[in-house]
Amino acid sequence: MRDRAADLLLDWYDRHARDLPWRARPGAPLPDPYHVWLSEVMLQQTTVAAVIPYFEKFTTRWPDVAALAAAPEDEVMAAWAGLGYYSRARNLVKAARELSRSGGFPTTEAELRKLPGLGDYTAAAIAAIAFERRALVVDANVERVIARLFAIEEPLPGAKKAIRAALDTITPERRAGDFAQAMMDLGSSLCRARDAQCLLCPWQAICAAREAGDPVRLPVKAAKKAKPTRAGTAFWIERDGAVWLVQRPGKGMLGGMRALPDDGWSARGDGSGVAPVAGAWRAGGVVRHSFTHFHLEMGLAVHAGAKPVPAGDGEWWPLDRLDEAGLPTLFAKAAALALAER
DNA sequence: TACACGTGGTC
DNA sequence: TGACCAAGTGT
């Protein structure tokens, strides 16, 4: 089974591999480990289409690990703005500095796993793709493909152990990187969550879920909890052609990012409504935004007085350079709303 | 283990 | 249009 399945998949990959900016150029033996690492971190829970422009921006601005290690953290955070899961950017800088200090990338899965931001998936992916180490590379694509190939009925996340064991039986010793990427390409192009193109699949003759007749039913997933809706306020404070921005705490929601001051809304509860400066406020509209685990209705309050002096740390950011502030999408929406009605 | 953690596209 | 989904990690 091992060699048969792997051969079918690798033959398919030789004909249908996607051309992606972080993959090795034709003729090159292996891709740049820096490119593999950067792309894999960006791709965590993030679509290829969303990643490509960020990958190009990062590799142009910081062409290697040493350049990224030397970059000020807040510049990296601002460059990451809009991509989401901002702890990835903070860990990226931390890992770059560790790599720079230690003289480069480790080549084993176990050593890679110690770097901040590298979990089981990413460490295995880099070991396989950048260093041709045999590894069990398990992402959502692989879980889906394996659950179908072996007709694993146990619901996720409980089925993870069985999926790893099944994957182990078909993972070859050779072409580790191609095999891992072929699994993910198969999952994203043919064996998709809501749609399985079995007639085009290299495994159509050996797939247990196809044999059973309803591959899209798998994998079974545990029911998800309902998302609460929270309410909060962000405050637009303007003075002399600049707006007051704060830096959010390093941990938690939008950690370390520049933002408009707000009233402390969170996934756990509504904001207090308390403004960072006294005075007259007028309503500036509402921004609706959905996070992974809650919905937010964030009202925008616009300071209507003259020369306000906010309490606490922050900075006056010139309005004509607001696009360089690196606001996460929620606050970029709020700023666009404020600017549209001025 | 279960939950916190972003965003944009899809149906 | 709201829920699901996408190359997961940290706690």
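The sequence lines fix the lettering, A, B, ..., with proteins before strands; numbering per chain opens at 1. Here the structure is a predicted model, which means the values were calculated and not measured.
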Quick one: is [X] getting a side-chain N or O under 4.0 Å of the [N] phosphate, OP1 or OP2?
X	N	result
A:Thr122	C:dT9	yes
A:Lys224	C:dC4	no
A:Gln45	C:dG8	yes
A:Thr329	B:dG8	yes
A:His289	B:dT7	yes
A:Arg144	C:dA6	yes
A:His293	B:dA4	no

If you look at every strand shown and take non-hydrogen atoms under 4.0 Å, does [X] touch a base, only sugar-phosphate, or nothing?
X	value
A:Ala140	sugar-phosphate
A:Met253	sugar-phosphate
A:Leu254	sugar-phosphate
A:Ala193	sugar-phosphate
A:Pro328	sugar-phosphate
A:Leu296	nothing
A:Trp22	base
A:Gly252	sugar-phosphate
A:Arg248	nothing
A:Ser188	sugar-phosphate

Closest nucleotide among [options] to the [X] side chain:
X	options	answer
A:Arg194	C:dC4, B:dT7, C:dA6	C:dC4
A:Thr47	C:dA7, C:dG10, C:dA6	C:dA6
A:Ala267	B:dC5, C:dA6, B:dT7	B:dC5

*Taking for each residue the nucleotide of DNA chain C with the nearest heavy atom, is it A:Glu40 or A:Lys251 whose nucleotide lies nearer the 5' end?*
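Counting from the 5' end, the first nearest nucleotide belongs to A:Glu40.
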_Can you work out whether A:Ser87 or A:Gly187 has the more 5'-proximal nearest nucleotide on DNA chain C?_
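Its nearest nucleotide lies further toward 5', so the answer is A:Gly187.
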Using atom [atom1] in both nucleotides, what's the gap between [N] and [M] to the nearest angstrom?
N	M	atom1	answer
B:dT1	C:dA6	C1'	23 Å
C:dT9	B:dG9	C1'	23 Å
C:dA7	B:dA2	P	23 Å

Less than 3.5 Å between a donor and an acceptor, one on the side chain of [X] and one on the base of [N], is that the case here?
X	N	answer
A:Thr292	B:dG6	yes
A:Thr46	B:dG6	yes
A:Arg18	C:dA7	yes
A:Tyr85	B:dG6	yes

Taking atom [atom2] of [N] as reference, at what distance in whole Å does atom [atom1] of [X] sit?
X	N	atom1	atom2	result
A:Leu43	C:dT9	CG	P	12 Å
A:His295	C:dT1	NE2	P	14 Å
A:Leu218	C:dC5	CG	P	13 Å
A:Tyr86	C:dG10	OH	C1'	18 Å
A:Lys94	C:dG10	NZ	C1'	11 Å
A:Ile126	C:dG8	CD1	P	13 Å
A:Lys225	C:dA3	NZ	P	15 Å
A:Trp37	C:dT9	CH2	C1'	15 Å

Scan side-chain atoms only and decide if [X] and [Y] contain a donor-acceptor pair under the 3.5 Å cut-off.
X	Y	result
A:Lys227	A:His293	no
A:Tyr121	A:Gln44	no
A:Asn141	A:Arg144	yes

*For residues A:Phe235 and A:Trp244, establish whether the separation of their ring centroids is below 6.0 Å.*
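When the ring centroids of A:Phe235 and A:Trp244 are compared, they turn out to be at least 6.0 Å apart.
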*Charged N-O contact under 4.0 Å between A:Lys307 and A:Glu238*: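 Salt bridge between A:Lys307 and A:Glu238, a charged N being under 4.0 Å from a carboxylate O: no.
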*asked:* On DNA chain B, compare the nucleotides closest to A:Phe294 and A:Arg192; which residue's is nearer the 5' end?
replied: A:Phe294
*Report the residue from A:Arg18, A:Arg175, A:Arg23 that forms a side-chain hydrogen bond (donor to acceptor under 3.5 Å, both in side chains) with A:Gln181.*
A:Arg23
*Could you tell me the separation between the OG1 atom of A:Thr108 and the CZ atom of A:Phe131, rounded to the nearest 0.5 Å?*
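Output value for this atom pair is 9.5 Å.
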_Side chains of A:Thr107 and A:Ile126 in contact at under 4.5 Å (non-hydrogen atoms)_ =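 They are not in contact (no side-chain heavy atoms under 4.5 Å apart), so the answer is no.
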